[in-house]
Chemist: 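So that we are looking at the same thing, I have put the structure below in structure tokens.
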Amino acid sequence: MHKDVRVSQCSCGRVRCEAVGEPIVSAVCYCSDCQAGGHQIEALEGATPVLDPDGGTPYLTYRDDRFACVEGAELLVGYKLGEKAPTQRFVASCCNSGMFIKYGPGWWVSAYRTRFAEPLPPIEMRNKVARRLSSLPLPADAPAFQSFPGRLFWRLFKARGAMLIGK
Ligand SMILES: [Zn+2]
């Protein structure tokens with residue numbers, strides 16, 4: 001295995017994804033959909049947590065061309081919060097591990113941080129904290145933003161540019 005490949009595995013080991021290089025961003029999201037989607041997954045039989053104790057969801061976000069399921073892809077099931085929701089949360093149906101989320105029109109995949117083995121990159125930002133419901137103290141490990149910050153969109157935009165020119 002290449003040294004800059006990070007592996008994300010379901011808890012029973014049948015589904016295995018690989019991410020190449022450093023993520024576009026390592027962030028925690030507190031938006032209402034991520035919280036609701038996380039609870040939806042955690043309510044499945046045998047599921048392990050995807051949310052942090054304070055309701056945040058930590059993700060490693062990768063370009064579409066740098067993240068792939070290399071084993072057990074046929075076991076993935078996409079969950080939506082509503083029939084017309086543009087976002088699907090993919091769960092390994094063997095053991096109900098939340099693996100990653102895919103926003104339909106996006107060029108990125110946000111993979112649940114909890115499924116990766118250490119060492120992991122530090123958290124770089126905490127987003128949508130306006131929607132945070134927890135009374136636990138907000139971790140001070142990274143800047144926190146009420147909404148989605150410009151720097152997040154800038155990272156996604158830069159990643160798209162790099163993809164388009166084949167870098
Ligand atoms: Zn599994």
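Both ligands and their constituent atoms are indexed starting at 1 by order of listing.
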Chemist: Closer than 2.8 Å to the Zn ion (ligand 1), which protein N, O or S atoms?
Modeler: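 Checking every protein N, O and S atom gives Cys10 SG, Cys12 SG, Cys94 SG, Cys95 SG.
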Chemist: Answer yes or no: is there an ion pair linking Arg6 with Glu22, defined by an N-O contact shorter than 4.0 Å?
Modeler: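 Salt bridge present between Arg6 and Glu22.
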Chemist: Under 6.0 Å between ring centres, would you say that holds for Tyr112 and Phe100?
Modeler: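 No: the rings miss the under 6.0 Å criterion.
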Chemist: Do Cys94 and Cys10 have their SG atoms under 2.5 angstrom apart?
Modeler: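 Their SG atoms do not fall under 2.5 Å; no disulfide, then.
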Chemist: For the residue pair Phe116 and Tyr62, does the interplanar ring angle fall in the parallel (under 30°), tilted (30 to 60°) or perpendicular (over 60°) class?
Modeler: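 Plane angle between 30° and 60°, so tilted.
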Chemist: Do the side chain of Gln35 and the main chain of Arg131 share a donor and acceptor less than 3.5 angstrom apart?
Modeler: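 At least one qualifying donor-acceptor pair exists.
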Chemist: Looking only at atom types and distance, does a side-chain atom of Ser134 sit under 3.5 Å from a main-chain N or O of Leu136, one as donor and one as acceptor?
Modeler: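 Yes; judged by distance alone, with no hydrogens or angles, the pair exists.
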